[in-house]
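Numbers here are sequence positions counted from 1.
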Amino acid sequence: QVQLVESGGGLVQPGGSLRLSCAASGSIFSIYRMNWYRQSPGKQRELVAGVSPGGSTNYADSVKGRFTISRDNAKNTVYLQMNSLKPEDTAVYYCNAKSVVFPTQAVPSDYWGQGAQVTVSS
């Protein structure tokens, strides 16, 4: 099993910045893609950003140019740097990791963080 622990959420004014961190631990053979999702009340969970083991990234159009996802493979940690935050960025942010626990596992399994509240308000 893999455990993901998130940190870095909080309250920030519009235009401000926050950095989320997500550290993976447990019995891990390999972590493949890592992603950040978010969900606000009454809305579906949406993919915000993703990063491959080699550093290839993708972003939702709504955050492109403002958010940056990165990872430290040695620390099994993924980050989300959020700049120029807007009220519509307010949501619970969830870390996701696709991981292989056993060397013979053919398909990666999904693991999720506990969620970090990000509130952007004056």
Practice item. Kindly state each residue pair satisfying disulfide (SG to SG under 2.5 Å) with at least one member in residues 13-106, sequence neighbours excluded. Key: Cys22-Cys95

Point to revise | Heavy-atom closest contact (Val101 atom, Val2 atom, distance) | key: CG2-CG2, 4.3 Å

Check your understanding: Distance from Arg19 atom CZ to Met82 atom CE, nearest 0.5 Å?
Key -> 11.0 Å

Study note, to complete from the structure: disulfide (SG to SG under 2.5 Å) pairs touching residues 25-54, sequence neighbours excluded, are none

Review point. Side-chain heavy atoms under 4.5 angstrom apart, residues restricted to Ile, Leu, Val, Met, Phe, Trp, Tyr: same cluster for Leu20 and Val12?
Key: yes

Exercise for review: Kindly give the heavy-atom pair with the smallest separation between Leu18 and Gly10, and that separation in Å.
Suggested key: CD1-O, 3.9 Å

Exercise for review: List the steps and the verdict of side chain to side chain contact (heavy atoms under 4.5 Å, CB included) for Gln117 and Thr90.
Suggested key: CA-CA 8 Å; Gln117 177 68 51; Thr90 296; 4.1 Å; yes

Which atom pairs, one a donor and one an acceptor, fall under 3.5 Å between side chains of residues 54-67 and the rest of the protein, sequence neighbours left out?
unit_1 : atom_1 : unit_2 : atom_2 : d
Asn58  : OD1    : Arg33  : NH2    : 2.2
Tyr59  : OH     : Ile69  : N      : 2.9
Ser62  : OG     : Arg38  : NH2    : 3.4
Arg66  : NH1    : Ser84  : O      : 3.0
Arg66  : NH1    : Asp89  : OD2    : 2.8
Arg66  : NH2    : Ser62  : O      : 2.9
Arg66  : NH2    : Asp89  : OD1    : 3.1
Arg66  : NH2    : Asp89  : OD2    : 3.4

Distance-only donor-acceptor hits, side chain of residues 108-116, under 3.5 Å, sequence neighbours excluded:
unit_1 : atom_1 : unit_2 : atom_2 : d
Ser109 : OG     : Gln105 : NE2    : 3.0
Asp110 : OD1    : Asn96  : ND2    : 3.1
Asp110 : OD1    : Lys98  : NZ     : 2.8
Asp110 : OD2    : Lys98  : NZ     : 3.3
Gln114 : OE1    : Glu6   : N      : 3.0
Gln114 : NE2    : Glu6   : O      : 3.0

Exercise for review: Could you grab the distance from atom OG of Ser99 to atom CE of Met34, nearest 0.5 Å is fine?
Suggested key: 7.0 Å

Practice item. Is it possible for you to say whether Leu80 and Leu85 belong to one hydrophobic cluster, with membership spreading through side-chain heavy-atom contacts below 4.5 Å? Key: yes

Review point. Looking at Ser17 and Gln81, what are the two nearest heavy atoms and their distance?
Key: CB-NE2, 4.0 Å

Check your understanding: According to the ring-ring contact (aromatic ring centres under 6.0 Å, His included) rule, which pairs have a member within residues 70-96, sequence neighbours left out?
Key -> none

Check your understanding: How far does CD1 of Ile31 sit from CG of Asn76, to the nearest 0.5 angstrom?
Key -> 4.0 Å

Revision key, fill the gap. Hits for side-chain hydrogen bond (donor to acceptor under 3.5 Å, both in side chains) against Ser7, two or more places apart or cross-chain, chain-then-number order -> none

Check your understanding: How long is the gap from CZ on Arg45 to OG on Ser40, to the nearest 0.5 Å?
Key -> 11.5 Å

Review point. Can you tell me how far OG of Ser21 sits from CG of Leu4, rounded to the nearest 0.5 angstrom?
Key: 12.5 Å

Point to revise | More than 12 heavy atoms of other groups within 6.0 Å of Glu88 CD | key: yes

